[in-house]
Amino acid sequence: MNTKTSELLAVAAPRTAAVVRGISDDQLVLPTPCSDYTVRDLLGHLFDVVVNFQALARREEVDWAGKTDHLTDGWRDRFATEAARLTEAWSDPATQEGVSPGMGLPQETVGMMALIDLTVHGWDLARATGQELTVDPAVVAAGHEFMDRMGDTGQKMGAFGPPVPTGAAPDSMDALLGRAGRDPAWTR
């Protein structure tokens, strides 16, 4: 990967934060392309991602089972703040070195997991709430590189659904969504 994780997060995080800002309270009950999650559920998960991956950048243990209700007063602004902190947490080149003690994976892979979650779930939320998420080509390319290395493992671990054939150009966002188990044509 030629582009540092923090540079990719710096491009992706504000775009996902803009989608989060565009979600109205009445949309929290809507279904998402991530079939087990409503918009509220997915927002809670994505909050966990941006907070927990900050800790993983510092090689700290995280509790994925903890159920914090992140959608309290000011949650849209807090999400944007935490997404910016995620980018900052991965900006130190040392975060890319070695193996994550909590996940047993190379730190570079862990950082890319954060990017994939932010991007794919950002798309999920945009699609569920009638918004658009424009994904930078460098982020899409990094997503495909990640899926080349970790897609099968991620699917076996339940992080991704079964691949969805899309007929899209192999290097496109739609193809990346299909690789992550999403139907790019999903509608409510």
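Heads up: numbering here begins at 1 and tracks the sequence.
Applying the side chain to side chain contact (heavy atoms under 4.5 Å, CB included) rule to Q96 yields the partners T5, W90, E108; only residues at least two apart in sequence or on another chain are considered.
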Stepwise side-chain contact (heavy atoms from CB on, under 4.5 Å) check, F160 with V120: CA-CA 10 Å; F160 306 120; V120 173; 5.9 Å; no
side-chain contact (heavy atoms from CB on, under 4.5 Å) between E61 and L56, intermediate numbers included: CA-CA 7 Å; E61 295 288 326; L56 289 168; over 6 Å; no
side-chain contact (heavy atoms from CB on, under 4.5 Å) between K4 and E7, intermediate numbers included: CA-CA 5 Å; K4 286 184 358 184; E7 292 170 4; 4.0 Å; yes
Stepwise side-chain contact (heavy atoms from CB on, under 4.5 Å) test for V140 and D171: CA-CA 8 Å; V140 174; D171 60 349; over 6 Å; no
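Side chains of M150 and L105 form a contact here, defined as non-hydrogen atoms less than 4.5 Å apart. Proximity of M112 to T109: side-chain heavy atoms (C-beta onward) are nowhere separated by under 4.5 Å. Taking the side chain as every heavy atom from C-beta outward, M173 and T119 approach each other to under 4.5 Å. Using a 4.5 Å heavy-atom cutoff, the side chains of I23 and L28 are in contact. Within the 4.5 Å cutoff, the side chain of V39 has heavy atoms near those of the L125 side chain. Side-chain contact between R40 and V29: absent, with no pair of heavy atoms (C-beta onward) separated by less than 4.5 Å.
Looking at every heavy atom in both residues, R21 comes nearest to A80 through NH2-CB, 3.3 Å. Heavy-atom minimum distance, V19 versus E132: CG2-O, 4.0 Å. What you find for A57 and A89 is that their closest heavy atoms are CB-O, 3.5 Å. Here the shortest heavy-atom pairing between P14 and L9 reads CD-O, 3.9 Å. Contact between H144 and L176 at its shortest, heavy atoms only, is CE1-N, 3.4 Å. The shortest non-hydrogen separation linking V62 to A55 is CG1-CB, 3.6 Å.
Between the side chains of T38 and D41, at least one donor N or O sits under 3.5 Å from an acceptor N or O. Looking at D48 and H45, their side chains never bring a donor and an acceptor atom within 3.5 Å of each other. For the residue pair D174 and S172, no side-chain donor N or O sits within less than 3.5 Å of a side-chain acceptor on the partner. A side-chain N or O of T72 and one of R78 form a donor-acceptor pair less than 3.5 Å apart. There is a side-chain donor-acceptor pair under 3.5 Å between Q54 and E82.
Between R76 and D25 there is a salt bridge, since at least one side-chain N of the basic residue sits less than 4.0 Å from a carboxylate O of the acidic one.
At least one donor-acceptor pair closer than 3.5 Å links the side chain of R15 to the backbone N or O of T134. Distance alone, capped at 3.5 Å, places no donor-acceptor pair between the Q155 side chain and the D152 backbone. In this structure, Q107 contributes its side chain and T95 its backbone to a donor-acceptor pair below 3.5 Å.
Between H70 and F47, the ring planes lie parallel to each other; the angle is under 30°, not in the 30° to 60° tilted range.
The only option from L71, D73, D77 that meets the side-chain contact (heavy atoms from CB on, under 4.5 Å) definition with W75 turns out to be L71.
With values rounded to the nearest 0.5 angstrom, D124 atom CG is found 10.0 Å from S35 atom OG. Annotation: the span from N52 atom CG to D63 atom CG amounts to 7.5 Å, rounded to 0.5 Å. The distance from the CZ atom of F53 to the CG atom of L115 is 10.5 Å, given to the nearest 0.5 Å. Atom CD1 of residue I116 and atom CZ of residue F146 lie 6.0 Å apart, to the nearest 0.5 angstrom. Residue W123 holds its CH2 atom at 13.0 Å from OG1 of T16, rounded to the nearest 0.5 Å. How far SG of C34 is from CZ of R127: 14.5 Å, rounded to the nearest 0.5 Å.
Other residues, nucleotides and ligands contribute over 12 non-hydrogen atoms within 6.0 Å of the CD atom of E60.
In the hydrophobic clustering of ILVMFWY residues, with side-chain heavy atoms under 4.5 Å counting as a link, M113 and W64 come out together.
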